[in-house]
Number of protein chains: 2
Amino acid sequence: MRILLIEDERELAEALSAALGKHGIVTDHTMHLADAVELTRQNHYDAILLDRRLPDGEGLSFIPELRRTGKHTPIIVLTARNEPKERVEGLDLGADDYLGKPFLVEELMARLRAVLRRAPDLAELQIAAGRMVIDPLHLSVTVGTVPLDLPRRELLVLAALARRKEKTVLRSTLEAAVYNYEEEIQSNALDAHISRLRKRLIDAGAGVAIHNIRGVGYLMKEE
Amino acid sequence: MRILLIEDERELAEALSAALGKHGIVTDHTMHLADAVELTRQNHYDAILLDRRLPDGEGLSFIPELRRTGKHTPIIVLTARNEPKERVEGLDLGADDYLGKPFLVEELMARLRAVLRRAPDLAELQIAAGRMVIDPLHLSVTVGTVPLDLPRRELLVLAALARRKEKTVLRSTLEAAVYNYEEEIQSNALDAHISRLRKRLIDAGAGVAIHNIRGVGYLMKEE
DNA sequence: CCACAAGGGTTGCGGCAGCATTGCGGAGCT
DNA sequence: AGCTCCGCAATGCTGCCGCAACCCTTGTGG
């Protein structure tokens, strides 16, 4: 799960990014509308969090701009401008939700889950693979009826592979699923996650196997 | 998939070439505009990556020069000159995209996919042949619903043949599809790849056969 | 019809790049 | 304080792929 955060208060952005990270969400952050348009062209986001007052303009103007490119990514507006009239304005412009600052991260998470539930094509709510059911929104994996708790990064890898099971997933795609563009990675950290994940999947009898495609990426197969 | 990289910083060029190689892209590299014109006359490229500041002039001047020869190859400008005004300049001259340095390889790949998507004649997104579907951008092959994982080089050969199935593909064309001009080849390595590929295609029941045209090249036929 | 040459097919070998595994230590959480 | 997560790096291993040897096929000339 990966979202774009458009927000000019650095502190809030960092706090949010950390909080979302704990929920298994990878966050890309920008302070400028201009960059935001670019980023949505380059990356796939499952949702977008949008501030209204931004240094280079009114955040709401971003919404029609994005829709014009044919994307239906859910957008949640986060703003101090929380008068009823302003809410209507935002939602009429195509925002999927509107949340006044200050807010609780828990509330944001709930609303995030809600809008994603309404857009099931973009981000599956549950992924089945082998004897597993993966729920990336609630960060849970169950094998049969037994819950399997995985570390955050391993879960992200698992979800990315399971989402495209029986198909190769490029190494770079996996890296994008686990790390945002600020997190540098200079080692075989991804391989290490794969390794540990494999062991856990075997221990749990998950009914899937992760194969390597040399020079390309990885592939999850059901057994 | 083969691209031309026009870039005078050797280190960057090598790093890029290596990174693109991992995505199954063969890169030719030159540091001089004069050579670039020559190369585009001799080879087919699916895209061109162009630096602006080059030892023998402004890279942008290459764009109209190329277009004048009737080629519509997508061009992505890579440059440190990343002011909005300069972006407009590049795009107005006919560049298909404009990317400021420094950049992430992932971003470049995404933009590359985007420009190729817009130019579907030049590089199909999926190729069907026999019971196979080949996706050269994602480096995957499936036979029916079963994924078939091939080594990188064999996959490049397969894609080059399938792209022109039922037509002879010159030996030199195949070599160009798999090797860049820095990679010397002094043996029958290509034949070896063909041989191994044939075996795998039979094992997988791919529904195609690779025939040789003596002294000319190879030909893929559906069964 | 045979001899010979040249191009192609196949296969084992070896070097090496990429991958797997695992212990370590810092960081963060409870 | 004790735990887990996770990046890092050292180590060993795997399999890709260039190479070359050897065999087979095709074509040509006598």
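Remember, it's a predicted structure, so these values are computed and weren't measured experimentally.
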Nearest-Å distance for atom pair CG/P, residues A:N188 and D:dG12
16 Å
What integer distance in Å separates B:L190:CG from D:dG18:P?
9 Å
From A:M132 atom CE to A:L150 atom CG, the distance as rounded to the nearest 0.5 Å:
8.5 Å
Any A:R171 side-chain nitrogen or oxygen under 4.0 Å from OP1 or OP2 of C:dG18:
no
Starting at CG of A:D149 and ending at C1' of D:dC5, how long is that distance when rounded to a whole Å?
13 Å
Is the shortest side-chain N/O distance from A:Y179 to OP1 or OP2 of D:dG7 below 4.0 Å?
yes
Residue pair A:Y179, A:V26: steps toward the side chain to side chain contact (heavy atoms under 4.5 Å, CB included) verdict:
CA-CA 7 Å; A:Y179 302 96; A:V26 177; over 6 Å; no
Please state whether the phosphate of C:dA20, meaning OP1 or OP2, lies under 4.0 angstrom from any side-chain nitrogen or oxygen of A:K199.
no
B:L158 CG to D:dC16 P: how many Å, rounded?
15 Å
Let's see if you can work this out: which of C:dG8, D:dC5, D:dC17 has an atom nearest to the side-chain heavy atoms of B:P151?
D:dC17
Under 4.0 Å: is that the gap between some side-chain N or O of A:S187 and OP1 or OP2 of D:dC8?
yes
In whole angstrom, give the distance that lies between atom CZ of A:R196 and atom C1' of D:dA9.
12 Å
OP1 or OP2 of D:dG27 versus the side-chain N and O atoms of B:R214: is any pair under 4.0 Å?
no
Just how far is it from atom CG of A:L4 to atom CG of A:D46, taken to the nearest 0.5 Å?
11.5 Å
Has B:H193 got a side-chain N or O lying under 4.0 Å from the OP1 or OP2 atom of D:dG18?
yes
Could you measure the distance from the CG atom of B:L219 to the CD1 atom of B:I213? Nearest 0.5 Å is fine.
5.0 Å
Atom CG of A:L201 and atom P of C:dT21 are separated, to the nearest Å, by 12 Å
Atom OH of A:Y218 and atom C1' of C:dA20 are separated, to the nearest Å, by 8 Å
Atom CG in B:L174, atom CD1 in B:I194: separation rounded to 0.5 Å?
5.5 Å
Just how far, in rounded Å, is P of D:dC24 from CG of B:D191?
17 Å
